[in-house]
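Below is one structure, written out as structure tokens, with a few remarks after it.
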Protein chains: 2
Amino acid sequence: MSITLAELKQKLSQNHSKLTPQRQMILQAFLNHPEEHLSAEDVHQIVKPLASDIGVATVYRTLELLSELKLLNKMDFGDGRSRYEIQKNDESHCHHHLICLSCGKVKEFEDDLLESLETAIAKKSNFTIVDHQLKFYGYCQECRKQ
Amino acid sequence: MSITLAELKQKLSQNHSKLTPQRQMILQAFLNHPEEHLSAEDVHQIVKPLASDIGVATVYRTLELLSELKLLNKMDFGDGRSRYEIQKNDESHCHHHLICLSCGKVKEFEDDLLESLETAIAKKSNFTIVDHQLKFYGYCQECRKQ
DNA sequence: CTTAGTGCAAAACCTTTGCAACTCT
DNA sequence: AGAGTTGCAAAGGTTTTGCACTAAG
């Protein structure tokens with residue numbers, strides 16, 4: 001279910017943006033690292049061996065762009081840098097994040113129970129909700145053993 | 001239900017920390033600005049007129065300390081700086097944040113429906129959950145009118 | 001050929017840290 | 001007195017920006 005090159009190109013041109021090798025490579029980095037939450041620096045490290053002179057600025061600009069195009073999700077786990085994950089298009093139900101306070105690992109959790117809560121809250125608060133983010137902090141199984 | 005000076009002093013001394021005028025003033029800033037989510041710079045601006053030579057470093061160190069003592073909650077609304085809110089001690093049920101994507105305003109929302117979701121997720125995922133954070137992004141009533 | 005994108009280095013931010021002077025307890 | 005705190009300035013880390021050059025449509 002990965003996004004195809006044609007789809008990427010189309011999304012970009014809708015935005016008056018061009019398909020460059022750098023952008024392709026950066027998106028590919030996420031496809032090659034599923035379930036990970038890459039920072040700009042992570043992405044830069046992954047991509048540098050393939051294009052040694054790619055600049056950090058390009059990475060930042062591309063991450064911003066792909067987030068605007070909803071191909072990536074920008075998120076924050078409180079470690080002082082933004083992290084990104086690929087936006088799966090079959091996202092009929094959403095996923096949340098379980099963050100281990102000891103080792104920092106981030107685990108994904110699938111769920112659709114939040115939907116009803118969201119509509120209830122939207123109604124009560126007079127807010128038009130378009131997105132949400134739910135994070136749980138705690139201790140993972142491995143860390144608890146120690 | 002505000003925290004008293006004696007309570008603050010006690011909490012501090014439990015932590016081998018001292019009660020200084022700076023710390024008092026910073027906590028007071030939050031008591032004077034309920035329902036707001038102040039950044040370090042906000043706090044510095046509030047406090048500077050009262051103690052012109054208070055340094056930013058002290059503000060940062062105090063915010064960190066008060067968060068450790070659970071008197072403040074540190075949070076992130078994606079605007080590139082940490083924000084803090086006072087931790088009410090009658091927090092039997094939790095509150096979430098509705099963030100307007102247009103004007104940036106943050107509205108609080110009381111709720112306890114998440115409790116059951118949390119225990120369900122903890123069980124399924126084998127994670128010991130100690131805290132959570134739920135944010136909704138959307139458009140507030142005022143911005144929708146425009 | 002026109003418009004957009006890139007790399008580089010500098011700058012802009014927010015936050016942390018080292019240190020000498022100071023102040024609570 | 002002694003441990004902890006402060007202010008300052010410098011340093012750290014992440015992200016943004018200006019600009020000349022290059023490449024995509």
Side-chain angles (χ1 to χ4, degrees), chain A residues 5-27 29 37-69 71-72 74-84 104, chain B residues 5-6 8-27 29 37-45 47-69 71-72 74-84 104:
Chain A
L5 201 61
E7 286 171 334
L8 173 58
K9 192 164 186 172
Q10 193 222 333
K11 281 233 176 195
L12 285 168
S13 77
Q14 276 174 10
N15 196 53
H16 309 293
S17 300
K18 295 171 180 173
L19 178 61
T20 65
Q22 291 91 333
R23 288 174 180 175
Q24 249 176 271
M25 283 182 346
I26 289 171
L27 185 58
H37 306 90
L38 304 175
S39 67
E41 201 202 322
D42 292 339
V43 172
H44 193 216
Q45 293 303 327
I46 292 170
V47 158
K48 221 176 349 187
L50 310 170
S52 52
D53 62 347
I54 191 167
V56 228
T58 299
V59 174
Y60 277 102
R61 285 187 283 232
T62 301
L63 293 174
E64 182 65 31
L65 176 63
L66 296 180
S67 298
E68 277 168 22
L69 299 179
L71 297 174
L72 295 180
K74 185 176 186 172
M75 40 198 29
D76 182 284
F77 295 131
D79 63 347
R81 70 208 67 183
S82 292
R83 295 185 168 276
Y84 299 81
Chain B
L5 201 62
L8 173 58
K9 191 164 185 173
Q10 194 222 332
K11 280 231 176 199
L12 285 168
S13 77
Q14 276 175 9
N15 196 53
H16 308 293
S17 299
K18 293 171 179 172
L19 178 62
T20 66
Q22 291 92 332
R23 289 176 178 172
Q24 248 176 273
M25 282 182 346
I26 289 172
L27 184 59
H37 305 90
L38 305 175
S39 66
E41 200 200 322
D42 293 339
V43 172
H44 193 217
Q45 292 303 326
V47 158
K48 220 176 351 190
L50 310 170
S52 52
D53 62 347
I54 190 167
V56 229
T58 300
V59 174
Y60 278 102
R61 285 187 282 232
T62 302
L63 293 173
E64 182 65 30
L65 174 64
L66 296 180
S67 298
E68 278 168 23
L69 298 179
L71 297 173
L72 295 180
K74 185 176 187 173
M75 37 198 31
D76 182 283
F77 295 130
D79 64 346
R81 70 208 65 188
S82 292
R83 295 186 167 276
Y84 299 80

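Chain identifiers are assigned alphabetically (A, B, ...) following the order of the sequence lines, protein sequences preceding nucleic acid strands; residue numbering begins at 1 within each chain. Just the heavy atoms: all of them, side chains too, but no hydrogens, waters or symmetry mates, feed the values below.
- For B:P21, the listed nucleotide lying nearest its side chain is C:dC24; candidates were D:dG4, C:dG5, C:dC24.
- Judged purely by atom type and a 3.5 angstrom limit, B:S13 uses its side chain to pair as donor or acceptor with the backbone of B:Q10.
- Dashed line: the shortest gap from a side-chain N or O of B:Q22 to OP1 or OP2 of C:dC24 is not under 4.0 Å.
- The nearest whole Å value for the distance from the CD1 atom in A:I54 to the P atom in C:dG7 is 5 Å.
- Rounding to the nearest 0.5 angstrom, the gap separating the CZ atom in B:R83 from the CG atom in B:D76 is 9.5 Å.
- The CZ atom of A:R83 sits 15 Å away from the P atom of D:dG13 (whole-angstrom rounding).
- A:R23 has its CZ atom 10 Å from the C1' atom of D:dA24, to the nearest Å.
- Taking 4.5 Å as the limit, every side-chain heavy atom of A:T20 sits out of range of all side-chain heavy atoms of A:L12.
- One atom, CG of B:D76, and another, P of D:dT15, lie 11 Å apart when rounded to the nearest Å.
- When rounded to the nearest whole Å, the span between CG of B:L65 and P of D:dG4 equals 13 Å.
- The backbone N or O of A:L69 sits less than 3.5 Å from a side-chain atom of A:K11, completing a donor-acceptor pair.
- When the side-chain nitrogen and oxygen atoms of A:T58 are compared with OP1 and OP2 of C:dG5, none of them lie within a distance under 4.0 Å.
- What separates CG of A:D53 from C1' of D:dA23 is a distance of 13 Å, to the nearest Å.
- Nucleic acid contact for B:S17: sugar-phosphate only, since backbone atoms but no base atoms lie under 4.0 Å from a heavy atom of the residue.
- Distance alone, capped at 3.5 Å, is enough to place a donor-acceptor pair between the A:R23 side chain and the A:K18 backbone.
- For A:T20, no side-chain nitrogen or oxygen approaches OP1 or OP2 of D:dA24 to under 4.0 Å.
- Nearest nucleotide to the A:K18 side chain, out of C:dT25, D:dG25, C:dT6: D:dG25.
- The nearest whole Å value for the distance from the CE atom in A:M25 to the C1' atom in C:dT6 is 12 Å.
- Taking CG from B:L65 and CG from B:L71, the interatomic distance works out to 8.0 Å, rounded to the nearest 0.5 Å.
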Letter per nucleotide, 5' to 3', of nucleotides 11-21 of chain C [B base touched, S only sugar-phosphate touched, - untouched; heavy atoms, 4.0 Å]:
---SBBBB---
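- The backbone N or O of B:I54 lies less than 3.5 Å from a partner atom in the side chain of B:H44, making a donor-acceptor pair.
- What separates CG of A:L19 from C1' of D:dT22 is a distance of 16 Å, to the nearest Å.
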